[in-house]
Amino acid sequence: MKNEQDITNHILSLADRCVKCGLCLPQCPTYALTENENESPRGRIALIQGWLTGQLKPSEKLMNHLDQCLLCRRCERVCPSAVPYGEIIDRAKNLLKENRSTSFYTGIKQLSLKTLMNKKFSSPLINGLRFLQKSGGLFLLRKSQLGKLLGLQPYLEILPELDKPFKPEHFYPAITTKQGEVALFTGCLSGSFDSKTVEASIRLLTRLGYDVHIPPQQGCCGALHMHDGNQKQAVNFANHNIQSFNPLKNIKTVISLVNACTSQLKEYPGLNTSDSFSTEVKDIIEFLSEVDWPENITMIPLNKTVALQIPCSLQNSLRAEEKLITLLQRIPGISLPPDAIYNKCCGAAGTYFVNFPETSDKLKLQALDKLTKSQPDLIISSNLGCALQLKAGLKQQNNKAEVIHPVLLLEQQLKLI
Ligand code: SF4
Ligand code: SF4
(Lines give C-alpha, C1' and ligand atoms only; values in the text may rest on other atoms or scores of the structure.)
(Ligands and ions follow the chains in the order given, each with its own letter.)
Protein backbone atom coordinates (compact mmCIF):
# COMPACT_ATOMS: atom_id res chain seq x y z
CA MET A 1 0.00 0.00 0.00
CA LYS A 2 1.65 3.15 -1.19
CA ASN A 3 -0.65 6.10 -0.57
CA GLU A 4 -2.67 7.41 2.32
CA GLN A 5 -6.02 6.67 0.66
CA ASP A 6 -5.14 2.98 0.14
CA ILE A 7 -4.09 2.70 3.77
CA THR A 8 -7.24 4.46 4.94
CA ASN A 9 -9.42 2.11 2.87
CA HIS A 10 -7.55 -0.89 4.21
CA ILE A 11 -8.00 0.20 7.85
CA LEU A 12 -11.69 0.88 7.26
CA SER A 13 -12.23 -2.51 5.66
CA LEU A 14 -10.66 -4.20 8.70
CA ALA A 15 -12.61 -2.01 11.14
CA ASP A 16 -15.88 -2.81 9.30
CA ARG A 17 -15.58 -6.38 10.53
CA CYS A 18 -16.42 -5.11 14.03
CA VAL A 19 -20.13 -5.75 14.67
CA LYS A 20 -20.00 -3.72 17.92
CA CYS A 21 -21.11 -6.71 20.00
CA GLY A 22 -19.05 -5.58 22.99
CA LEU A 23 -17.79 -9.04 23.91
CA CYS A 24 -14.28 -7.59 24.07
CA LEU A 25 -15.10 -4.94 26.67
CA PRO A 26 -14.81 -7.10 29.82
CA GLN A 27 -11.38 -8.26 28.61
CA CYS A 28 -9.91 -4.80 28.15
CA PRO A 29 -7.69 -3.56 31.01
CA THR A 30 -8.12 0.14 30.18
CA TYR A 31 -11.91 -0.22 30.03
CA ALA A 32 -11.85 -2.09 33.34
CA LEU A 33 -9.99 0.83 34.95
CA THR A 34 -12.07 3.65 33.45
CA GLU A 35 -15.45 2.20 32.39
CA ASN A 36 -15.21 4.68 29.52
CA GLU A 37 -16.33 3.39 26.12
CA ASN A 38 -13.60 5.46 24.44
CA GLU A 39 -11.06 3.42 26.40
CA SER A 40 -12.40 0.12 25.07
CA PRO A 41 -11.57 -1.79 21.86
CA ARG A 42 -15.03 -1.19 20.42
CA GLY A 43 -14.83 2.51 21.29
CA ARG A 44 -11.36 2.93 19.81
CA ILE A 45 -12.43 1.20 16.59
CA ALA A 46 -15.43 3.55 16.41
CA LEU A 47 -13.14 6.58 16.96
CA ILE A 48 -10.86 5.42 14.13
CA GLN A 49 -13.86 4.89 11.85
CA GLY A 50 -15.25 8.33 12.73
CA TRP A 51 -11.92 10.01 12.02
CA LEU A 52 -11.17 8.16 8.78
CA THR A 53 -14.64 8.80 7.37
CA GLY A 54 -14.35 12.51 8.20
CA GLN A 55 -17.02 12.56 10.91
CA LEU A 56 -14.51 13.29 13.70
CA LYS A 57 -11.45 15.54 13.81
CA PRO A 58 -8.17 13.88 14.88
CA SER A 59 -8.22 15.95 18.07
CA GLU A 60 -5.71 15.59 20.91
CA LYS A 61 -8.46 13.90 22.92
CA LEU A 62 -9.11 11.31 20.21
CA MET A 63 -5.40 10.62 19.82
CA ASN A 64 -5.02 10.19 23.58
CA HIS A 65 -7.70 7.51 23.65
CA LEU A 66 -5.74 5.60 21.00
CA ASP A 67 -2.42 6.19 22.76
CA GLN A 68 -3.81 4.89 26.03
CA CYS A 69 -4.43 1.48 24.48
CA LEU A 70 -1.85 -0.97 25.86
CA LEU A 71 -1.74 -2.88 22.55
CA CYS A 72 -2.06 -6.02 24.64
CA ARG A 73 -4.45 -7.51 22.04
CA ARG A 74 -6.42 -9.29 24.73
CA CYS A 75 -9.54 -8.10 22.90
CA GLU A 76 -8.58 -10.09 19.80
CA ARG A 77 -8.72 -13.41 21.65
CA VAL A 78 -12.45 -13.15 22.34
CA CYS A 79 -13.66 -11.39 19.19
CA PRO A 80 -16.25 -13.50 17.32
CA SER A 81 -15.59 -11.55 14.10
CA ALA A 82 -11.80 -12.04 14.28
CA VAL A 83 -11.23 -8.27 14.08
CA PRO A 84 -7.45 -7.73 13.72
CA TYR A 85 -7.44 -4.97 16.32
CA GLY A 86 -3.63 -4.84 16.60
CA GLU A 87 -3.21 -4.16 12.89
CA ILE A 88 -5.99 -1.56 12.88
CA ILE A 89 -4.50 0.48 15.71
CA ASP A 90 -0.89 0.18 14.54
CA ARG A 91 -1.81 1.44 11.07
CA ALA A 92 -4.07 4.17 12.44
CA LYS A 93 -1.35 5.43 14.80
CA ASN A 94 1.11 5.49 11.93
CA LEU A 95 -1.28 7.66 9.89
CA LEU A 96 -1.88 9.94 12.86
CA LYS A 97 1.83 10.30 13.52
CA GLU A 98 2.24 11.98 10.19
CA ASN A 99 -0.31 14.66 11.20
CA ARG A 100 0.94 15.19 14.71
CA SER A 101 3.50 17.46 16.35
CA THR A 102 5.69 16.15 19.16
CA SER A 103 5.91 17.92 22.54
CA PHE A 104 9.29 18.67 24.17
CA TYR A 105 8.84 15.92 26.80
CA THR A 106 7.66 13.31 24.34
CA GLY A 107 10.63 14.28 22.16
CA ILE A 108 13.08 13.65 25.03
CA LYS A 109 11.48 10.32 25.89
CA GLN A 110 11.50 9.21 22.25
CA LEU A 111 15.11 10.28 21.80
CA SER A 112 16.20 8.28 24.88
CA LEU A 113 14.33 5.29 23.56
CA LYS A 114 15.71 5.54 20.04
CA THR A 115 19.24 5.87 21.40
CA LEU A 116 18.85 2.73 23.51
CA MET A 117 17.43 0.76 20.58
CA ASN A 118 20.14 1.83 18.16
CA LYS A 119 23.19 -0.40 18.42
CA LYS A 120 25.53 2.39 17.31
CA PHE A 121 24.67 4.53 20.33
CA SER A 122 23.36 2.05 22.89
CA SER A 123 26.78 0.71 23.90
CA PRO A 124 28.22 4.04 25.13
CA LEU A 125 24.85 4.93 26.69
CA ILE A 126 24.66 1.64 28.59
CA ASN A 127 28.31 1.96 29.65
CA GLY A 128 27.52 5.44 30.94
CA LEU A 129 24.45 4.17 32.80
CA ARG A 130 26.49 1.34 34.33
CA PHE A 131 29.10 3.84 35.50
CA LEU A 132 26.39 6.04 37.02
CA GLN A 133 24.85 2.99 38.69
CA LYS A 134 28.14 1.83 40.24
CA SER A 135 29.16 5.34 41.32
CA GLY A 136 25.79 6.12 42.93
CA GLY A 137 25.08 8.88 40.41
CA LEU A 138 21.96 7.13 39.19
CA PHE A 139 20.64 6.83 42.73
CA LEU A 140 21.08 10.60 43.15
CA LEU A 141 19.42 11.26 39.78
CA ARG A 142 16.50 9.06 40.82
CA LYS A 143 16.10 11.01 44.05
CA SER A 144 16.57 14.42 42.43
CA GLN A 145 13.93 16.41 40.57
CA LEU A 146 15.87 16.35 37.29
CA GLY A 147 14.68 12.87 36.22
CA LYS A 148 11.11 13.89 37.06
CA LEU A 149 11.42 17.20 35.23
CA LEU A 150 12.63 15.47 32.09
CA GLY A 151 9.95 12.80 32.38
CA LEU A 152 12.62 10.08 32.64
CA GLN A 153 11.69 8.81 36.12
CA PRO A 154 9.92 5.65 34.82
CA TYR A 155 13.08 4.69 32.89
CA LEU A 156 15.18 5.21 36.02
CA GLU A 157 12.79 3.09 38.11
CA ILE A 158 12.72 0.17 35.69
CA LEU A 159 16.44 0.07 34.90
CA PRO A 160 17.85 -3.24 36.17
CA GLU A 161 21.25 -3.79 37.79
CA LEU A 162 23.51 -3.58 34.72
CA ASP A 163 26.18 -6.29 34.50
CA LYS A 164 28.97 -6.30 31.99
CA PRO A 165 27.18 -6.77 28.61
CA PHE A 166 27.42 -10.22 27.08
CA LYS A 167 28.90 -10.07 23.58
CA PRO A 168 28.26 -13.50 22.08
CA GLU A 169 30.49 -15.29 19.60
CA HIS A 170 29.13 -15.62 16.06
CA PHE A 171 28.91 -19.41 16.29
CA TYR A 172 28.50 -22.11 18.95
CA PRO A 173 28.67 -25.77 17.85
CA ALA A 174 26.29 -28.45 19.17
CA ILE A 175 27.78 -30.34 22.11
CA THR A 176 25.73 -33.52 21.65
CA THR A 177 24.58 -35.45 18.57
CA LYS A 178 23.72 -32.80 16.02
CA GLN A 179 20.01 -32.18 15.36
CA GLY A 180 20.29 -29.11 13.14
CA GLU A 181 21.37 -25.48 12.90
CA VAL A 182 19.53 -22.45 14.23
CA ALA A 183 20.15 -18.71 14.35
CA LEU A 184 19.52 -16.67 17.45
CA PHE A 185 17.85 -13.27 17.45
CA THR A 186 19.05 -11.48 20.57
CA GLY A 187 17.79 -8.02 19.56
CA CYS A 188 19.07 -4.80 21.02
CA LEU A 189 18.84 -4.97 24.81
CA SER A 190 18.93 -8.60 26.00
CA GLY A 191 22.74 -8.72 26.01
CA SER A 192 22.86 -5.82 28.51
CA PHE A 193 19.60 -6.21 30.42
CA ASP A 194 19.30 -10.00 30.59
CA SER A 195 22.63 -11.49 29.60
CA LYS A 196 22.10 -14.58 31.77
CA THR A 197 19.14 -15.65 29.63
CA VAL A 198 21.10 -15.17 26.41
CA GLU A 199 23.96 -17.31 27.73
CA ALA A 200 21.58 -19.97 29.11
CA SER A 201 19.74 -20.16 25.76
CA ILE A 202 22.99 -20.83 23.91
CA ARG A 203 24.01 -23.52 26.43
CA LEU A 204 20.61 -25.21 26.28
CA LEU A 205 20.33 -25.19 22.48
CA THR A 206 23.84 -26.58 21.98
CA ARG A 207 23.12 -29.19 24.65
CA LEU A 208 20.00 -30.23 22.72
CA GLY A 209 22.15 -30.75 19.61
CA TYR A 210 21.85 -27.47 17.70
CA ASP A 211 24.61 -25.43 16.16
CA VAL A 212 23.82 -21.82 17.09
CA HIS A 213 24.64 -18.89 14.79
CA ILE A 214 24.38 -15.32 16.08
CA PRO A 215 24.78 -12.75 13.29
CA PRO A 216 26.59 -9.80 14.88
CA GLN A 217 24.98 -7.20 12.58
CA GLN A 218 21.43 -7.86 13.84
CA GLY A 219 19.66 -5.06 15.67
CA CYS A 220 16.40 -3.91 17.21
CA CYS A 221 13.28 -5.76 15.95
CA GLY A 222 11.42 -2.44 15.57
CA ALA A 223 8.40 -3.37 17.74
CA LEU A 224 8.47 -0.24 19.88
CA HIS A 225 8.76 2.00 16.82
CA MET A 226 5.93 0.15 15.08
CA HIS A 227 3.57 0.46 18.06
CA ASP A 228 4.58 4.08 18.50
CA GLY A 229 3.31 4.86 14.99
CA ASN A 230 6.76 5.02 13.42
CA GLN A 231 6.33 2.38 10.73
CA LYS A 232 9.06 3.81 8.53
CA GLN A 233 11.72 3.19 11.17
CA ALA A 234 10.24 -0.24 11.94
CA VAL A 235 10.58 -1.18 8.26
CA ASN A 236 14.23 -0.01 8.27
CA PHE A 237 14.97 -2.27 11.24
CA ALA A 238 13.13 -5.16 9.57
CA ASN A 239 15.16 -4.79 6.36
CA HIS A 240 18.37 -4.66 8.35
CA ASN A 241 17.56 -7.85 10.28
CA ILE A 242 16.44 -9.73 7.19
CA GLN A 243 19.72 -8.82 5.49
CA SER A 244 21.66 -9.95 8.58
CA PHE A 245 20.07 -13.40 8.82
CA ASN A 246 19.40 -14.40 5.20
CA PRO A 247 23.04 -15.03 4.19
CA LEU A 248 23.22 -17.88 6.77
CA LYS A 249 22.86 -21.22 5.03
CA ASN A 250 21.47 -24.53 6.41
CA ILE A 251 19.51 -22.70 9.07
CA LYS A 252 16.41 -24.49 10.27
CA THR A 253 14.90 -21.64 12.26
CA VAL A 254 15.51 -18.09 13.50
CA ILE A 255 14.86 -18.26 17.24
CA SER A 256 13.97 -15.15 19.20
CA LEU A 257 14.40 -14.88 22.96
CA VAL A 258 11.87 -12.15 23.81
CA ASN A 259 8.17 -12.73 23.12
CA ALA A 260 7.48 -9.15 22.01
CA CYS A 261 10.40 -9.25 19.56
CA THR A 262 9.22 -12.61 18.20
CA SER A 263 5.77 -11.16 17.52
CA GLN A 264 7.32 -8.28 15.63
CA LEU A 265 9.66 -10.55 13.60
CA LYS A 266 6.65 -12.66 12.63
CA GLU A 267 4.88 -9.52 11.43
CA TYR A 268 7.63 -8.53 8.98
CA PRO A 269 5.70 -10.10 6.06
CA GLY A 270 2.93 -7.49 6.59
CA LEU A 271 5.38 -4.58 6.34
CA ASN A 272 6.67 -3.18 3.10
CA THR A 273 10.10 -4.77 3.46
CA SER A 274 12.40 -5.17 0.47
CA ASP A 275 12.87 -8.91 1.17
CA SER A 276 11.58 -11.51 3.65
CA PHE A 277 13.18 -14.00 6.03
CA SER A 278 14.25 -17.09 4.10
CA THR A 279 13.50 -19.30 7.10
CA GLU A 280 10.77 -19.55 9.72
CA VAL A 281 10.82 -17.48 12.91
CA LYS A 282 9.96 -19.03 16.26
CA ASP A 283 10.02 -17.90 19.81
CA ILE A 284 12.42 -19.94 21.93
CA ILE A 285 9.40 -21.12 23.97
CA GLU A 286 7.73 -22.46 20.81
CA PHE A 287 10.94 -24.06 19.56
CA LEU A 288 11.88 -25.80 22.81
CA SER A 289 8.36 -27.13 23.33
CA GLU A 290 8.12 -28.52 19.79
CA VAL A 291 11.50 -30.24 19.27
CA ASP A 292 12.51 -33.63 20.64
CA TRP A 293 14.86 -33.50 23.60
CA PRO A 294 17.61 -36.14 23.79
CA GLU A 295 16.50 -39.01 26.01
CA ASN A 296 19.60 -38.81 28.17
CA ILE A 297 18.76 -35.30 29.40
CA THR A 298 17.64 -35.31 32.99
CA MET A 299 16.65 -32.48 35.27
CA ILE A 300 17.07 -31.65 38.92
CA PRO A 301 13.74 -31.36 40.78
CA LEU A 302 12.77 -27.81 41.70
CA ASN A 303 12.19 -27.24 45.38
CA LYS A 304 11.04 -23.65 45.12
CA THR A 305 7.60 -22.04 44.97
CA VAL A 306 6.94 -20.42 41.62
CA ALA A 307 4.41 -18.06 40.07
CA LEU A 308 4.03 -17.61 36.33
CA GLN A 309 3.39 -14.35 34.47
CA ILE A 310 2.14 -14.93 30.94
CA PRO A 311 3.09 -11.94 28.76
CA CYS A 312 0.44 -10.52 26.41
CA SER A 313 2.76 -11.03 23.44
CA LEU A 314 3.06 -14.74 24.24
CA GLN A 315 -0.64 -15.19 24.91
CA ASN A 316 -2.44 -12.87 22.50
CA SER A 317 0.00 -12.53 19.65
CA LEU A 318 1.96 -15.82 19.56
CA ARG A 319 -0.88 -17.72 21.26
CA ALA A 320 1.68 -20.03 22.83
CA GLU A 321 0.90 -19.92 26.56
CA GLU A 322 0.08 -23.65 26.65
CA LYS A 323 3.46 -24.36 25.09
CA LEU A 324 5.16 -22.46 27.88
CA ILE A 325 3.29 -24.45 30.54
CA THR A 326 4.11 -27.74 28.78
CA LEU A 327 7.75 -26.75 28.57
CA LEU A 328 7.96 -25.83 32.25
CA GLN A 329 6.42 -29.15 33.18
CA ARG A 330 9.66 -30.77 32.06
CA ILE A 331 11.04 -29.64 35.41
CA PRO A 332 10.28 -32.25 38.06
CA GLY A 333 8.59 -30.87 41.16
CA ILE A 334 7.35 -27.66 39.54
CA SER A 335 3.86 -26.70 40.63
CA LEU A 336 1.75 -24.22 38.65
CA PRO A 337 -1.77 -24.10 40.08
CA PRO A 338 -4.15 -21.66 38.32
CA ASP A 339 -3.88 -19.31 41.33
CA ALA A 340 -0.16 -18.85 40.64
CA ILE A 341 -0.65 -17.84 36.99
CA TYR A 342 -1.34 -14.26 35.86
CA ASN A 343 -2.19 -13.58 32.23
CA LYS A 344 -3.26 -9.94 32.06
CA CYS A 345 -1.16 -6.94 31.08
CA CYS A 346 1.46 -6.00 33.70
CA GLY A 347 1.52 -2.38 32.48
CA ALA A 348 4.99 -2.39 30.90
CA ALA A 349 3.54 -2.58 27.36
CA GLY A 350 6.46 -1.29 25.32
CA THR A 351 6.83 2.40 26.16
CA TYR A 352 3.50 2.61 27.96
CA PHE A 353 5.18 2.62 31.39
CA VAL A 354 6.94 5.85 30.37
CA ASN A 355 4.01 7.53 28.63
CA PHE A 356 1.31 6.61 31.15
CA PRO A 357 3.10 5.82 34.41
CA GLU A 358 -0.01 6.06 36.61
CA THR A 359 -2.03 3.49 34.65
CA SER A 360 1.08 1.38 34.27
CA ASP A 361 1.59 1.39 38.06
CA LYS A 362 -2.01 0.33 38.70
CA LEU A 363 -1.65 -2.61 36.32
CA LYS A 364 1.72 -3.53 37.82
CA LEU A 365 0.19 -3.64 41.31
CA GLN A 366 -2.71 -5.80 40.09
CA ALA A 367 -0.19 -8.23 38.57
CA LEU A 368 1.99 -8.34 41.67
CA ASP A 369 -1.01 -8.80 43.99
CA LYS A 370 -1.86 -12.01 42.21
CA LEU A 371 1.68 -13.20 41.53
CA THR A 372 2.95 -12.73 45.08
CA LYS A 373 -0.06 -14.22 46.86
CA SER A 374 1.64 -17.59 47.37
CA GLN A 375 4.89 -15.86 48.43
CA PRO A 376 6.85 -17.41 45.56
CA ASP A 377 10.64 -17.67 45.48
CA LEU A 378 10.55 -17.27 41.70
CA ILE A 379 8.30 -15.40 39.26
CA ILE A 380 8.70 -16.73 35.74
CA SER A 381 8.34 -14.30 32.82
CA SER A 382 9.34 -14.88 29.21
CA ASN A 383 9.27 -11.24 28.05
CA LEU A 384 12.04 -8.81 28.94
CA GLY A 385 9.82 -5.71 29.33
CA CYS A 386 7.42 -7.54 31.69
CA ALA A 387 10.32 -9.00 33.67
CA LEU A 388 11.82 -5.53 34.19
CA GLN A 389 8.44 -4.10 35.19
CA LEU A 390 7.84 -6.87 37.74
CA LYS A 391 11.38 -6.58 39.12
CA ALA A 392 10.93 -2.84 39.63
CA GLY A 393 7.60 -3.45 41.42
CA LEU A 394 9.06 -6.15 43.67
CA LYS A 395 11.93 -3.84 44.57
CA GLN A 396 9.48 -1.09 45.54
CA GLN A 397 7.67 -3.62 47.75
CA ASN A 398 10.94 -4.88 49.22
CA ASN A 399 9.99 -8.37 48.06
CA LYS A 400 12.97 -10.65 47.47
CA ALA A 401 11.28 -12.95 44.91
CA GLU A 402 13.48 -13.45 41.84
CA VAL A 403 12.10 -12.82 38.33
CA ILE A 404 13.50 -15.39 35.93
CA HIS A 405 13.15 -16.27 32.23
CA PRO A 406 11.80 -19.83 31.76
CA VAL A 407 14.79 -20.82 29.62
CA LEU A 408 17.20 -19.74 32.33
CA LEU A 409 15.23 -21.79 34.86
CA LEU A 410 15.18 -24.85 32.57
CA GLU A 411 18.89 -24.57 31.95
CA GLN A 412 19.66 -24.19 35.65
CA GLN A 413 17.75 -27.40 36.36
CA LEU A 414 19.64 -29.46 33.77
CA LYS A 415 21.78 -32.21 35.23
CA LEU A 416 25.30 -31.89 33.94
CA ILE A 417 26.40 -34.75 31.73
S1 SF4 B 1 -15.61 -8.36 20.17
FE2 SF4 B 1 -14.90 -7.88 18.07
S3 SF4 B 1 -16.78 -7.47 16.93
FE4 SF4 B 1 -17.32 -7.37 19.10
S5 SF4 B 1 -17.09 -5.18 19.63
FE6 SF4 B 1 -15.17 -6.15 20.13
S7 SF4 B 1 -13.93 -5.87 18.28
FE8 SF4 B 1 -16.03 -5.48 17.68
S1 SF4 C 1 -5.31 -3.98 22.95
FE2 SF4 C 1 -5.65 -4.25 25.17
S3 SF4 C 1 -5.89 -2.16 26.00
FE4 SF4 C 1 -6.08 -2.01 23.76
S5 SF4 C 1 -8.26 -2.11 23.36
FE6 SF4 C 1 -7.49 -4.25 23.20
S7 SF4 C 1 -7.74 -5.12 25.25
FE8 SF4 C 1 -7.93 -2.87 25.45
Side-chain angles (χ1 to χ4, degrees), residues 10-53 56 61-97 223-224 226-229 231 259-260 262-264 266-267 270 309-319 321 342-367 370 383 385-386 389:
H10 179 65
I11 298 172
L12 284 173
S13 74
L14 298 178
D16 277 350
R17 290 194 211 161
C18 173
V19 294
K20 309 289 185 287
C21 66
L23 283 175
C24 51
L25 267 64
Q27 299 299 324
C28 174
T30 54
Y31 181 72
L33 286 174
T34 60
E35 293 184 355
N36 178 345
E37 174 75 18
N38 294 309
E39 293 290 326
S40 77
R42 179 175 67 183
R44 291 185 175 115
I45 290 171
L47 290 175
I48 292 169
Q49 287 173 311
W51 156 50
L52 292 180
T53 53
L56 292 175
K61 214 169 160 190
L62 182 148
M63 291 192 264
N64 268 334
H65 287 308
L66 303 188
D67 284 343
Q68 287 187 76
C69 170
L70 295 148
L71 307 175
C72 66
R73 293 170 64 180
R74 196 175 170 81
C75 43
E76 282 186 21
R77 287 297 294 260
V78 295
C79 177
S81 308
V83 173
Y85 176 85
E87 183 179 352
I88 294 172
I89 192 138
D90 274 347
R91 289 194 185 274
K93 282 176 84 174
N94 186 54
L95 267 189
L96 273 175
K97 185 99 177 173
L224 293 186
M226 183 72 196
H227 302 319
D228 205 29
Q231 191 174 333
N259 302 155
T262 317
S263 308
Q264 179 66 10
K266 288 193 183 207
E267 282 175 17
Q309 185 257 355
I310 298 185
C312 303
S313 41
L314 182 79
Q315 176 176 259
N316 305 327
S317 173
L318 302 175
R319 307 208 173 184
E321 70 273 25
Y342 190 74
N343 67 358
K344 294 183 190 152
C345 183
C346 68
T351 54
Y352 199 92
F353 73 98
V354 182
N355 298 331
F356 301 101
E358 281 176 22
T359 310
S360 170
D361 273 351
K362 283 182 194 161
L363 296 171
K364 177 171 67 185
L365 287 179
Q366 285 178 5
K370 171 93 191 256
N383 189 55
C386 310
Q389 170 90 334

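Start at 1 and go down the list; that is how both ligands and their atoms are numbered. What you are looking at is a predicted structure, and each value in this text was computed from that prediction instead of being measured.
At least one heavy atom of Pro80 sits less than 4.0 Å from an atom of ligand 1.
With a 4.0 Å heavy-atom cut-off, ligand 2 is reached by no atom of Ile89. Residue Arg44 touches ligand 2 through its side chain alone, judged by heavy-atom distances below 4.0 Å.
Proximity of Cys386 to Cys346: side-chain heavy atoms (C-beta onward) are separated by under 4.5 Å at one or more points.
In this structure, the protein non-hydrogen atom closest to atom 1 (S) of ligand 2 is Arg73 N, 3.1 Å. The nearest protein atom to atom 3 (S) of ligand 2, hydrogens excluded, is given as Leu70 N, 3.4 Å; this is a heavy-atom distance. Of the protein's heavy atoms, Cys69 SG, 2.3 Å lies nearest to atom 4 (Fe) of ligand 2. For atom 8 (Fe) of ligand 2, the nearest protein heavy atom (residue, atom name, distance) is Cys28 SG, 2.4 Å.
Residue contact annotation: Cys72 places no N/O/S atom under 2.8 Å from atom 4 (Fe) of ligand 2.
For the pair Thr30 (side chain) and Glu39 (backbone), a donor-acceptor distance under 3.5 Å is present. Remark: the backbone N or O of Ala260 is paired with a side-chain donor or acceptor of Asn383 at under 3.5 angstrom. Of the possible polar contacts, one joining the Glu76 side chain to the Tyr85 backbone as a donor-acceptor pair under 3.5 Å is found. Side-chain atoms of Ser13 come within 3.5 Å of backbone atoms of His10 as a donor-acceptor pair (strictly under, hydrogens ignored). Of the possible polar contacts, one joining the Ser40 side chain to the Gly43 backbone as a donor-acceptor pair under 3.5 Å is found. Side-chain atoms of Arg42 come within 3.5 Å of backbone atoms of Lys20 as a donor-acceptor pair (strictly under, hydrogens ignored).
Partner Pro41 forms a side-chain contact (heavy atoms from CB on, under 4.5 Å) with one of Cys69, Cys18, Cys75 and no other, that one being Cys75.
Taking distances strictly below 2.8 Å, the protein N/O/S atoms close to atom 6 (Fe) of ligand 1 are Cys24 SG.
Gln68 and Thr34 are not linked by any side-chain donor-acceptor pair at a separation below 3.5 angstrom, with hydrogens and angles left out of the test.
In this structure, Leu47 CG and Leu62 CG are separated by 4.5 Å, a value rounded to the nearest 0.5 Å.
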